[in-house]
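Working notes, beginning with the structure itself.
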Number of protein chains: 2
Amino acid sequence: MHMQRMEIVQVYKCFCDVQRLRILNLLKDGPLCVCHLVEILDSDQVKISKQLRYMKELGMVEDERVAQWKVYRLADATNPLLQKNLKCLQDCYGESIEFNKDIRKRSAVTARMQRENAACAQAISA
Amino acid sequence: MHMQRMEIVQVYKCFCDVQRLRILNLLKDGPLCVCHLVEILDSDQVKISKQLRYMKELGMVEDERVAQWKVYRLADATNPLLQKNLKCLQDCYGESIEFNKDIRKRSAVTARMQRENAACAQAISA
DNA sequence: ACCGCATATGCGAATAGATGCATATGCAGC
DNA sequence: GCTGCATATGCATCTATTCGCATATGCGGT
């Protein structure tokens, strides 16, 4: 694996896993750091970290260090293939793959972070 | 690999290869047999056969024997995820992944079959 | 320099997918 | 039953991806 540009097949490779789909869906509303994703997806740090690495190799996400956090965002949020595919998924299976639930949880988690961990909350809103 | 129903992730697995994308694009306009696909995609029989097998395992296509031919069609042409994704691909990259060229070649090939190999032409139009 | 938190990497095993080459199978006509 | 055409399968090899477990690295505060 290498790759950095977002190619057609790379997009679909990224889409081949529900957890990655959920991550993309979350990131489309703005950047998040690993700790957010771990909590929202109710997964563990190593797993999420590796998914993000893979997604980065595929050219789908970018990362940026902010203090001790690593903020991830979509590499090209305007890519029409990505946008349309996510929208299509949302339309067809929004609830069944937990897209909607994740978005609701995202709000809850970021709100709590705002209170309990202001520095981290700052990192993703910069 | 097993699977037969068309699940979300299976769809994307099918989409992870340009040749498979081209096959789906061709089948969306109606059934074809292996010999058509081999010619339109300018590939070889074993390769196409294996792609079709994989696509069948993913639940994306169905086959039917007609005399010595094997006719393949989309397992669920009305599946919205499939339809929308193909349309989206068509819109975004129609020429670059040869979707359009393939469709044009499809017409040429089926027309010629009609003349030179009527039995086979009959098989896919039944 | 040390500690704790956030994140990443390494490794070994397991599974999945791709590829090239050879060969088998199914069907129709003779 | 033999032949030819259309299609499928088997096998060995290779690369890609996944998973669990352990451990390393980067950063900020003391």
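Each chain gets a letter, A, B and so on, in the order its sequence line appears, and its residues count up from 1.
One end of the helix from C:dA1-D:dT30 to C:dA16-D:dT15 points its axis 30° away from the other end's axis, with each axis taken from 5 pairs and the angle rounded to 10°.
Between the CG atom of B:D44 and the P atom of D:dT9 there is a distance of 16 Å, rounded to whole Å. Protein atom NZ of B:K50 is 8 Å distant from nucleotide atom C1' of D:dG10, rounded to whole Å. As a whole-Å value, the separation of A:K47 NZ from D:dT18 P is 11 Å. To the nearest angstrom, C1' of D:dG4 lies 13 Å from CG of B:N117. Rounded to whole Å, atom P of D:dC5 lies 14 Å from atom CE of B:M113. Rounded to whole angstrom, the span from the CH2 atom of A:W69 across to the C1' atom of C:dC5 amounts to 9 Å. Put simply, OH on B:Y54 is 12 Å from C1' on D:dA16, counting in whole angstrom units. In this entry the distance linking NZ of B:K13 with C1' of D:dT18 reads 10 Å, nearest Å.
B:C33 comes within 4.0 angstrom of sugar-phosphate atoms only, judged by non-hydrogen atoms across all strands, and of no base.
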Footprint string (nucleotides 23-30 of chain D, 5' to 3'): B base within contact, S backbone only, - free, heavy atoms under 4.0 Å
---SSS--
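Considering only heavy atoms from C-beta on, B:F99 stays 4.5 Å or farther from B:L24 through its side chain.
Contacts of residues 15-22 of chain A with DNA chain C (heavy atom under 4.0 Å): none.
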